[in-house]
Chemist: 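Mind having a look at this structure? Questions to follow.
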Number of protein chains: 2
Amino acid sequence: MSDDKADLIATFFKEETLTKGTLIINEGKTSKKSFFLESGIVRCYIIDLEGNEITTRFFSAPDFLNDFLSFFEQQPSEENYELLTDAKLHSISFTDVQYCFHNIPEFREWGRMMLTLNHVFLKKRMIALHKETAQERYSNLIKTHPEIVQQVPLHMIASYLGVTKYSLSRIRKEIK
Amino acid sequence: MSDDKADLIATFFKEETLTKGTLIINEGKTSKKSFFLESGIVRCYIIDLEGNEITTRFFSAPDFLNDFLSFFEQQPSEENYELLTDAKLHSISFTDVQYCFHNIPEFREWGRMMLTLNHVFLKKRMIALHKETAQERYSNLIKTHPEIVQQVPLHMIASYLGVTKYSLSRIRKEIK
DNA sequence: ATTACAAATTGCCATATGGTAACTTAAGGA
DNA sequence: TCCTTAAGTTACCATATGGCAATTTGTAAT
């Protein structure tokens, strides 16, 4: 992408510095923004029928993130997105995203890529939950995202991997 | 949608009658078509590293289907789509889909809906694999898609649910 | 009717994971 | 520093599921 285009696109983003614990997307509310995460870690989770939190995804900087369904369909989100650390973000509004989609081909291309990556992520995760043992899933997480394993509380990682915190604690011991 | 538009869109679809066992999308090949399934059942599966088939999805008529990644990104498919019964399909080429996207707003809207439904399916499935027992997943399948439970061989359903055929056979016995 | 083959079932035991309760460790506030 | 609380660990046992092997059932071809 040319510098001109990059600069143009950058003008639509607004810098935000937020503290640990902030919810940047809330269950039940329609998400108005997409984000670029410059620093920090974000956890995405839903609350199931029994009231348990299920962590469905982590984002660690640098990365783009939004709630695909809530943002692009402008409907209430089913998930919460919580900052696990203090973070610096750059946000763009739905209106501006629409404007950029219509007027900047490179931005449209970027949107397509986001969508594809999102889809690939879900498919990989589905297959992992399907065929891998909890230990394999944990080992893979260490390989691909060591920063998450290091910085995120064990019970959240356990929930993300689909096991209890007790099991994950045992898996940790075995791996060492 | 108006009848005029519907008729116009229909002209881009070509009827195909195919027999049980036919692969309509092949692993390794770039998918050139999207389909409307008028009658029949389709199974989507991948082959994992150990050579096992993992069934990732069923489609039963009437439904639209394509391989999102292979079709829209025009890259080799990672999955196979197999007819489990004789079937009548209506197919539309990638070129024609692009044409319709550019020229028929209703079609664009339909594309967006497909994408969203696809996404919702993957998320639901992820959560099901995450939190439900095999028995719950099977019960839900019976509720939502009894025709699949009736017509599809047990070992394929087992693979879809993420359990062995032995376990599913036992689950079946308990439920009765 | 007979054979052949795939699909499905079931007894048996192994393994992975769940869940409680007790305990230890770590971290932040008064 | 002490106190309080959350996080993490671990012993123990329960439950869910895996997987082999033997058997039965169903189905299609001859």
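None of these values were measured; they are calculated from a predicted model. Every chain is numbered from 1, with letters handed out A, B, ... down the list of sequences.
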Chemist: Rounding to an integer number of Å, can you tell me how far B/Q135 CD sits from D/dT15 C1'?
Modeler: 13 Å
Chemist: Rounded to whole angstroms, how far apart are CZ on B/R137 and C1' on D/dA16?
Modeler: 11 Å
Chemist: Quick check on contacts: within residues 166-176 of chain B, what sits under 4.0 Å from DNA chain C by heavy-atom distance?
Modeler: B/Y166, B/S169, B/R170, B/R172, B/K173
Chemist: What's the closest nucleotide to the A/A134 side chain, out of C/dT17, C/dA8, D/dG18?
Modeler: C/dT17
Chemist: Return the value, rounded to whole Å, for the distance between atom NZ of A/K131 and atom P of C/dA16.
Modeler: 15 Å
Chemist: Specify the separation, in whole Å, of atom NE2 of B/H155 and atom C1' of C/dT9.
Modeler: 15 Å
Chemist: Quick check, are the ring centers of B/F58 and B/Y160 under 6.0 angstrom apart?
Modeler: yes
Chemist: To the closest 0.5 Å, what do you measure between SG (A/C44) and CD1 (A/I25)?
Modeler: 7.5 Å
Chemist: Show the nearest heavy-atom pair for residues B/D63 and B/S60, with the distance to one decimal.
Modeler: CB-O, 3.6 Å
Chemist: Can you check the B/E50 CD to D/dG18 P distance for me, whole Å?
Modeler: 14 Å
Chemist: Would you name the heavy atoms of B/K20 and B/D86 that are closest together and state the gap between them?
Modeler: N-OD1, 2.7 Å
Chemist: If only atom types and distance count, is the side chain of B/S70 paired as donor or acceptor with the main-chain N or O of B/Q75 below 3.5 Å?
Modeler: yes
Chemist: For A/L154 and C/dA26, give me the distance from atom CG to atom P, rounded to whole Å.
Modeler: 14 Å
Chemist: If only side-chain N and O atoms of A/T164 are considered, is one of them under 4.0 Å from the OP1 or OP2 phosphate oxygen of C/dG19?
Modeler: no
Chemist: What's the CG-C1' distance between B/N52 and D/dG19, to the nearest Å?
Modeler: 13 Å
Chemist: Figure out the NZ/C1' separation between A/K165 and C/dA26, and round it to whole Å.
Modeler: 15 Å
Chemist: Mind checking whether B/F12 and B/Y99 have ring centres under 6.0 Å apart?
Modeler: yes
